[in-house]
Enquirer: 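One structure, pasted below without further comment.
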Amino acid sequence: MATIDAGTKTGRTLIYRHSLAVRLSHWVNVLCLTVLLMSGLQIFNAHPALYWGQYGADNDPSFISMDAIDDGNQAKGVTHVGSLSLNTTGVLGLSNVDGEATARGFPSWLTIPSYQDLSAGRRWHFFFAWLFILNGLVYLVYGLISRHFRRDLAPAGKELTLNHLGHEVANHARLRFPKGAEARHYNTLQKLTYLAVIFLLLPMMIATGLTMSPGFNAVAPWLLDIFGGRQSARTLHFLTAFSLVAFVVVHVAMVILSGVFNNLRSMITGYYVIEQGDGQ
């Protein structure tokens with residue numbers, strides 16, 4: 001993250017916060033992850049249940065499933081998480097498709113394509129998966145060569161003290177965002193979260209996705225041993241994807257609360273405005 005002054009206007013300072021490479025990779029990731037999620041839910045709908053181990057079929061016990069069942073004179077959607085059963089009619093298990101109650105894991109408005117088509121969902125998913133991996137490799141090379149990771153994301157030792165982390169957590173809980181000179185850089189919670197996403201969640205999602213591929217198993221059969229089988233990899237892939245969804249929800253909320261226009265401008269043009277009254 002560059003912090004070069006780009007110009008000054010009355011009462012505010014304009015800084016160059018995001019490089020072109022960071023901005024481009026960010027928006028390509030937004031596109032890829034959106035399509036990957038929606039096409040992934042299409043694939044999941046072909047068999048809306050998750051298992052642990054080598055096997056997963058209708059008669060095998062699952063620990064997460066979305067079902068449509070008969071309840072007297074009407075059907076209802078039920079989501080099972082372990083021994084817990086939740087009535088999720090209209091959203092999960094059973095939802096309206098063209099005005100009719102239809103058995104579906106996730107509703108049509110959340111999947112690509114909207115109609116049930118496993119083959120089309122796989123084509124969308126695989127194309128954007130490879131685009132996502134390519135974009136990630138370009139970003140990784142850029143981050144290493146430009147020292148972006150070390151300069152902008154690696155926290156200093158003093159930032160990792162319990163006192164400092166507790167202070168930042170308290171500020172976030174009170175919606176107190178960095179001002180003035182502090183706004184030029186990511187705060188420690190941002191750094192740790194971005195590092196976890198870049199070097200833990202995203203590699204986990206890619207590795208478990210490859211583990212589910214019989215073709216890739218011929219190249220790297222050891223992946224099946226690492227993740228405990230193809231069904232375990234599918235479960236970890238699903239949970240990792242929804243961990244990323246949780247990250248995105250929190251990320252978007254923070255963008256809105258801390259100044260949506262200023263944040264969007266910085267991720268489109270690279271320039272971010274700091275008010276001089278904010279501690280400059």
Enquirer: Counting only heavy atoms not in H26, do more than 12 sit closer than 6.0 Å to its NE2 atom?
Expert: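 Yes, because the 6.0 Å sphere around NE2 of H26 holds more than 12 heavy atoms from other groups.
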Enquirer: Indicate, with yes or no, if W27 and M254 share a hydrophobic cluster defined by side-chain heavy-atom contacts under 4.5 Å among Ile, Leu, Val, Met, Phe, Trp and Tyr.
Expert: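 Different clusters.
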Enquirer: Judged by modelled atom types alone, do N163 and T161 share a side-chain donor-acceptor pair under 3.5 Å?
Expert: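 No pair is found: no donor N or O on one side chain lies under 3.5 Å from an acceptor on the other.
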Enquirer: Work out which heavy atom in L210 is nearest to a heavy atom in N217; give both atom names and the distance.
Expert: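 Closest approach of L210 to N217, heavy atoms only: O-ND2, 4.0 Å.
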Enquirer: What's the spacing between M66 CE and L94 CG if we round to 0.5 Å?
Expert: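 Reported to 0.5 Å precision, the distance equals 13.0 Å.
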Enquirer: Applying side chain to side chain contact (heavy atoms under 4.5 Å, CB included), run through K76 and I69 and close with a yes or a no.
Expert: CA-CA 6 Å; K76 71 176 184 178; I69 64 173; 3.8 Å; yes
Enquirer: For L189 and E168, which heavy atoms make the closest approach, and how far apart are they?
Expert: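 So the two residues come closest at N-OE1, 3.1 Å.
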Enquirer: Does F242 have more than 12 heavy atoms from other residues, nucleotides or ligands lying within 6.0 Å of its CZ?
Expert: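 Yes, because the 6.0 Å sphere around CZ of F242 holds more than 12 heavy atoms from other groups.
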Enquirer: Report yes or no: do V78 and L41 belong to one cluster of Ile/Leu/Val/Met/Phe/Trp/Tyr joined by side chain heavy-atom distances under 4.5 Å?
Expert: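 Looking at the clustering, L41 is in a separate group from V78.
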Enquirer: For L162, I'd like to know if atom CG has over 12 heavy atoms of other residues, nucleotides or ligands within 6.0 Å.
Expert: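 No, because the 6.0 Å sphere around CG of L162 holds 12 heavy atoms or fewer from other groups.
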Enquirer: Looking only at atom types and distance, does a side-chain atom of S213 sit under 3.5 Å from a main-chain N or O of F216, one as donor and one as acceptor?
Expert: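 It does hold such a pair.
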Enquirer: May I ask you to check whether F199 and F149 place their ring centres under 6.0 Å from each other?
Expert: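 For F149 and F199, the ring centres are under 6.0 Å apart.
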Enquirer: Membership question, hydrophobic clusters at under 4.5 Å side-chain separation (ILVMFWY): are L36 and I198 in the same one?
Expert: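 Yes, one cluster joins them.
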Enquirer: Going hydrophobic residue to hydrophobic residue with side-chain gaps under 4.5 angstrom, can you get from V249 over to W109?
Expert: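 Looking at the clustering, W109 is in the same group as V249.
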Enquirer: Please check if the side chain of E100 supplies one atom and the backbone of V97 the other of a donor-acceptor pair under 3.5 Å.
Expert: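 Looks like no, no N/O pair under 3.5 Å.
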Enquirer: What do the steps show when you test T111 against R104 for side-chain hydrogen bond (donor to acceptor under 3.5 Å, both in side chains), and what is the final call?
Expert: CA-CA 11 Å; T111 67; R104 285 180 65 106; 3.1 Å; yes
Enquirer: Students often mix this up, so state it plainly: with edges at 30° and 60°, are the rings of H172 and F177 parallel, tilted or perpendicular?
Expert: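 Aromatic pair H172/F177 classed perpendicular.
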Enquirer: One pair to check against side-chain hydrogen bond (donor to acceptor under 3.5 Å, both in side chains): Y139 and H148. What are the steps and the verdict?
Expert: CA-CA 10 Å; Y139 173 74; H148 165 64; 3.1 Å; yes
Enquirer: Between the main-chain N or O of S25 and the side-chain N or O of N135, is there a donor-acceptor pair closer than 3.5 Å?
Expert: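 Yes; at least one donor-acceptor contact below 3.5 Å.
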Enquirer: How are the rings of H251 and F247 set relative to one another: parallel (under 30°), tilted (30 to 60°) or perpendicular (over 60°)?
Expert: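 Because their plane-to-plane angle is under 30°, the rings of H251 and F247 count as parallel.
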Enquirer: Given 3.5 Å as the limit, does a donor-acceptor pair link the side chain of R23 with the main chain of I268, or not?
Expert: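 Checked: pair present.
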Enquirer: In this structure, are over 12 heavy atoms from other groups packed under 6.0 Å from D98 atom CG?
Expert: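 It does not: D98 CG has 12 such atoms or fewer within range.
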Enquirer: What is the minimum heavy-atom distance between A154 and L195, and which atoms define it?
Expert: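 Between these two residues, the closest heavy atoms are CA-CD1, 4.5 Å.
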Enquirer: Carefully, step by step, assess I15 and Y271 under the rule side chain to side chain contact (heavy atoms under 4.5 Å, CB included).
Expert: CA-CA 6 Å; I15 65 169; Y271 291 99; over 6 Å; no
Enquirer: Answer whether the closest heavy-atom distance between the side chains of W52 and L236 falls below 4.5 Å.
Expert: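 They are in side-chain contact.
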Enquirer: I'd like to know whether V22 forms a side chain to side chain contact (heavy atoms under 4.5 Å, CB included) with Y142, so could you lay out the CA-CA distance, the side-chain angles of the two residues, the decisive distance to 0.1 Å, and finally the verdict.
Expert: CA-CA 9 Å; V22 169; Y142 162 79; 3.8 Å; yes
Enquirer: Within the distance-only criterion (no hydrogens, no angle test), does the side chain of Q42 pair as donor or acceptor with the backbone N or O of Y115 below 3.5 angstrom?
Expert: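 Indeed, once roles are kept as given, a pair shorter than 3.5 Å links the two residues.
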Enquirer: Of the non-hydrogen atoms in A68 and A103, which two are nearest, and what is the gap between them?
Expert: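 Smallest heavy-atom distance, with atoms named: CB-CB, 3.6 Å.
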Enquirer: Can a donor-acceptor pair be found, under 3.5 Å and without considering hydrogens, that links the side chain of R234 to the backbone of A49?
Expert: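 Yes; at least one donor-acceptor contact below 3.5 Å.
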Enquirer: If every non-hydrogen atom of A120 is compared with every non-hydrogen atom of D117, which pair is closest and at what distance?
Expert: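 Nearest pair, atom of A120 first, then D117: N-OD1, 3.1 Å.
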Enquirer: Evaluate the side chain to side chain contact (heavy atoms under 4.5 Å, CB included) criterion for residues M212 and H237: first the C-alpha distance (whole Å), next the side-chain angles of each, then the deciding distance (0.1 Å), finally the verdict.
Expert: CA-CA 9 Å; M212 288 186 286; H237 193 72; 3.6 Å; yes
Enquirer: According to a hydrophobic-cluster definition based on side-chain heavy atoms being under 4.5 Å apart (Ile, Leu, Val, Met, Phe, Trp, Tyr only), do I112 and F127 belong together?
Expert: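 Yes: a chain of side-chain contacts under 4.5 Å links I112 to F127.
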Enquirer: Before you tell me yes or no, could you show the steps for S62 and H80 under side-chain hydrogen bond (donor to acceptor under 3.5 Å, both in side chains), namely the whole-Å CA-CA distance, both residues' side-chain angles and the distance that decides it to 0.1 Å?
Expert: CA-CA 9 Å; S62 62; H80 300 279; over 6 Å; no
Enquirer: Any heavy-atom pair between the side chains of F132 and I206 that's under 4.5 Å?
Expert: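 Yes, side chains in contact.
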Enquirer: Quick check, are the ring centers of Y51 and F63 under 6.0 angstrom apart?
Expert: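 Here the rings of F63 and Y51 have centres that are no less than 6.0 Å from each other.
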Enquirer: Which atoms form the tightest heavy-atom contact between F128 and C32, and what is the distance?
Expert: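 What the structure gives for the nearest pair is O-SG, 3.9 Å.
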Enquirer: Quickly, which of T269, N263, N262 forms a side chain to side chain donor-acceptor pair (under 3.5 Å) with R265? Name it, please.
Expert: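 Per the side chain to side chain donor-acceptor pair (under 3.5 Å) rule, the option paired with R265 is N262, out of T269, N263, N262.
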